[in-house]
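These values consider heavy atoms only, across backbone and side chains, with no hydrogens, waters or symmetry-generated copies. If you're wondering where the values come from, they're calculated on a predicted model, not measured in any experiment. Numbers restart at 1 for each chain; the letters A, B, ... are given by sequence-line order, proteins then strands.
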2 protein chains.
Amino acid sequence: MNIGIASERSGLPAKTIRYYEDIGLLKPDRGDNGYRDYSTSDVHRLRFVQRARGLGFTVSECRQLLSLYDDTGRESADVKSIATAKLVEIDRKIAELKGLRDVLSHLVAHCHGDHRPDCPIIDELAGAQPGS
Amino acid sequence: MNIGIASERSGLPAKTIRYYEDIGLLKPDRGDNGYRDYSTSDVHRLRFVQRARGLGFTVSECRQLLSLYDDTGRESADVKSIATAKLVEIDRKIAELKGLRDVLSHLVAHCHGDHRPDCPIIDELAGAQPGS
DNA sequence: ACAAACCTTCCCAAAACAGGAAGCCTCATC
DNA sequence: GATGAGGCTTCCTGTTTTGGGAAGGTTTGT
């Protein structure tokens with residue numbers, strides 16, 4: 001399929017898809033006309049990256065995550081340790097998002113309208129030390 | 001407090017803190033020596049941005065989120081609608097992270113070792129259409 | 001007073017894109 | 001089969017969000 005369709009299906013702009021090819025995240029076939037030809041599996045990779053990027057993973061982290069799928073030549077233990085590390089990170093992110101959620105919903109519920117000099121909820125959130 | 005301490009407490013490099021000042025995310029006082037002087041509240045803002053950035057919010061989204069705290073002059077309904085929109089987004093992110101978590105943990109549990117041509121879990125994940 | 005460790009501004013570079021030009025390819029329509 | 005719209009290509013430039021490092025002022029400890 002052409003890049004336009006792949007863009008539609010992955011949720012990524014064509015520009016970005018070409019960029020990802022540039023930096024080696026995927027390597028679609030080329031038709032006789034020189035057009036890129038994306039497989040369903042390419043689209044899966046792209047969607048995966050689209051999600052991960054939106055969740056604060058860097059491109060190089062995405063590369064690592066993708067490598068978990070491309071590990072035919074890789075040691076199983078190696079894959080497992082990377083994946084496990086990512087799982088920890090994901091759990092941390094989930095916890096942080098929940099924290100953020102709490103702050104915002106408290107803000108909506110309690111802090112609307114009056115001129116609050118310093119909302120205690122912010123203090124609470126900010127008080128939690130960052131996961132090292 | 002000086003930028004070094006603020007950096008330590010917020011988890012952001014001094015460089016980044018100065019950049020955030022440049023683009024108007026915060027405006028610390030200046031001492032007689034020209035040094036920036038950060039308040040506890042400044043550090044809270046910085047920590048907040050640090051978190052939100054790590055969770056995939058753009059700087060301009062962070063600006064919006066911060067504005068929820070700075071809304072003394074803003075209409076309450078306005079704040080509420082922005083905050084509510086952000087809450088929806090956060091919930092989506094949480095759901096996506098959970099999805100990612102599932103994929104990875106399934107990968108660790110089931111897909112280790114053998115040469116799998118196409119893991120069904122990936123298909124499943126990629127099959128879910130993006131939240132419009 | 002002198003060095004170490006801060007801080008300042010300024011400039012350049014890199015990562016991750018976005019915009020736009022110039023030129024092919026394709027496809028429907030006349 | 002020409003023609004025009006739209007999609008694709010590469011290439012170049014620009015923006016955002018930083019990070020590195022130079023050149024120089026400040027503060028602090030000894």
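Place B:Ile3 and B:Lys15 on DNA chain C by their nearest nucleotides, and B:Ile3 ends up nearer the 5' end. When each of B:Tyr20 and B:Tyr35 is assigned the nucleotide of DNA chain D with its nearest heavy atom, B:Tyr20 is the one assigned upstream, toward the 5' end.
Using a 4.0 Å heavy-atom criterion, one finds that B:Arg53 contacts the sugar-phosphate atoms exclusively. When heavy atoms are screened at a 4.0 angstrom cut-off, A:Arg18 is found touching base atoms of the nucleic acid.
Within the 4.5 Å cutoff, the side chain of A:Leu104 has heavy atoms near those of the B:Ile90 side chain.
Regarding B:Asn2, its CG atom lies at a distance of 10 Å from the P atom of D:dT27, rounded to whole Å. Note: CD (A:Glu21) to P (D:dC11) measures 12 Å, nearest angstrom. Following rounding to the nearest Å, B:Ile17 (CD1) and C:dC6 (C1') show an atom-to-atom distance of 14 Å. Look at CG on B:Asp37: it is 13 Å from C1' on C:dC7, rounded to the nearest Å.
Of the side-chain N and O atoms in A:Thr16, one or more sit less than 4.0 angstrom from OP1 or OP2 of C:dA18. Not one side-chain nitrogen or oxygen of A:Tyr19 sits closer than 4.0 Å to the OP1 or OP2 atom of C:dC17. When the side-chain nitrogen and oxygen atoms of B:Arg36 are compared with OP1 and OP2 of C:dT8, one or more of them lie within a distance under 4.0 Å.
Of the residues in residues 22-34 of chain B, B:Asn33 come within less than 4.0 Å of DNA chain D through at least one heavy atom, sorted by number. Less than 4.0 Å separates DNA chain C from at least one heavy atom of each of the following residues of residues 56-63 of chain A: A:Val59.
Using a 4.0 Å cut-off between charged side-chain N and carboxylate O, B:Lys93 and B:Glu96 make no salt bridge. Residues B:Glu89 and B:Lys86 are paired through a salt bridge, judged by an N-O separation under 4.0 Å between the basic side chain and the carboxylate. A salt bridge between B:Glu21 and B:Arg36 is present, with a side-chain N of the basic residue lying under 4.0 Å from a carboxylate O of the acidic one.
B:Asp42 places a side-chain N or O within 3.5 Å of a backbone atom of B:Ser39 that can act as its donor or acceptor partner. Counting only distance, with no hydrogens or angles, the side chain of B:Ser10 and the backbone of B:Ala6 share a donor-acceptor pair below 3.5 Å. A side-chain donor-acceptor contact under 3.5 Å links A:Arg45 to the backbone of A:Leu25.
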Just distance, no hydrogens or angles: give the donor-acceptor pairs under 3.5 Å from side chains in residues 28-35 of chain B, sequence neighbours left out.
from	atom 1	to	atom 2	distance (Å)
B:Arg30	NH1	B:Gly34	O	3.0
B:Asn33	OD1	B:Tyr35	N	3.0

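Atom-to-atom distance recorded for A:Leu97:CG and A:Leu100:CG is 6.5 Å, nearest 0.5 angstrom.
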